[in-house]
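What you are looking at is a predicted structure, and each value in this text was computed from that prediction instead of being measured.
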Amino acid sequence: MTLDKINRGQKIEILQIPNEKIRVQAIRIGLYEGANLVCSQKVFAGPIVLQNRFQEIAIGRKLAQTIKVKAV
């Protein structure tokens, strides 16, 4: 499943971030393969907002379509 398919409130684990440049930048903000996050908000035709402990991170819809996740 990809990140754009998750629902609000769902807990997920990131399985794969395919683009190497994005993967390196994502690590800096706490998104890495194996990270457990919660979808705190899903804006219609907009970004997906993920919560990592006390930090919220908005991921654009096109980028979210490339990130593979699984429900936890």
Side-chain angles (χ1 to χ4, degrees):
M1 164 169 62
T2 55
L3 185 56
D4 64 311
K5 304 266 193 285
I6 66 172
N7 297 316
R8 186 172 186 232
Q10 190 172 9
K11 294 180 182 181
I12 56 129
E13 178 182 340
I14 296 179
L15 298 177
Q16 182 182 22
I17 303 173
N19 186 316
E20 185 177 340
K21 289 182 181 181
I22 293 171
R23 188 179 323 126
V24 170
Q25 292 177 355
I27 289 170
R28 294 179 184 161
I29 58 172
L31 293 177
Y32 52 90
E33 295 169 355
N36 291 312
L37 307 161
V38 176
C39 177
S40 63
Q41 192 172 12
K42 189 172 179 183
V43 179
F44 179 74
I48 288 100
V49 181
L50 301 174
Q51 185 174 12
N52 184 7
R53 297 187 189 115
F54 299 109
Q55 178 183 18
E56 288 190 331
I57 304 156
I59 305 294
R61 190 66 61 144
K62 283 190 174 190
L63 177 57
Q65 292 171 348
T66 66
I67 299 174
K68 296 189 188 316
V69 299
K70 73 173 181 177
V72 178

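Closest heavy-atom contact between Ala71 and Met1: N-CE, 4.0 Å. Minimum interatomic distance between Gly30 and Ala35 (heavy atoms only, all atoms of both residues): O-CB, 4.1 Å. Taking both residues in full, the closest heavy atoms of Arg61 and Gly46 are given as NE-O, 2.8 Å, listed atom of the first, atom of the second, then distance.
Residue Ile67 holds its CD1 atom at 10.5 Å from CD of Gln65, rounded to the nearest 0.5 Å. To the nearest 0.5 Å, the span separating CG on Leu15 from OG1 on Thr2 amounts to 11.0 Å. Here the CD1-NZ distance, from Ile6 to Lys70, works out to 14.5 Å after rounding to the nearest 0.5 Å. Atom CD1 of Ile27 sits about 7.5 Å away from atom CZ of Arg23, to the nearest 0.5 Å.
Remark: side-chain polar atoms of Lys42 are paired, donor with acceptor, to backbone N or O of Asp4 under 3.5 angstrom.
Both Ile12 and Leu63 sit in one connected hydrophobic cluster of ILVMFWY residues. Membership requires side-chain heavy atoms under 4.5 Å apart, directly or through other members. In the hydrophobic cluster analysis, where Ile, Leu, Val, Met, Phe, Trp and Tyr join through side-chain heavy atoms closer than 4.5 angstrom, Val69 is grouped together with Ile22.
A heavy-atom distance below 4.5 Å is found between the side chains of Ile57 and Leu31. Between Cys39 and Ile48 the shortest side-chain heavy-atom distance falls below 4.5 Å. Using a 4.5 Å cut-off on side-chain heavy atoms (C-beta onward), Glu33 and Ile17 make contact. Residues Leu50 and Leu3 meet the side-chain proximity criterion, which asks for heavy atoms closer than 4.5 Å.
Within 6.0 Å of CD in Gln55 there are more than 12 heavy atoms belonging to other residues, nucleotides or ligands.
Annotation: side-chain contact (heavy atoms from CB on, under 4.5 Å) contacts of Arg8 (sequence neighbours excluded): none. Under the rule for a side-chain contact (heavy atoms from CB on, under 4.5 Å), the partners of Val24 that lie at least two apart in sequence or sit in another chain are Arg28.
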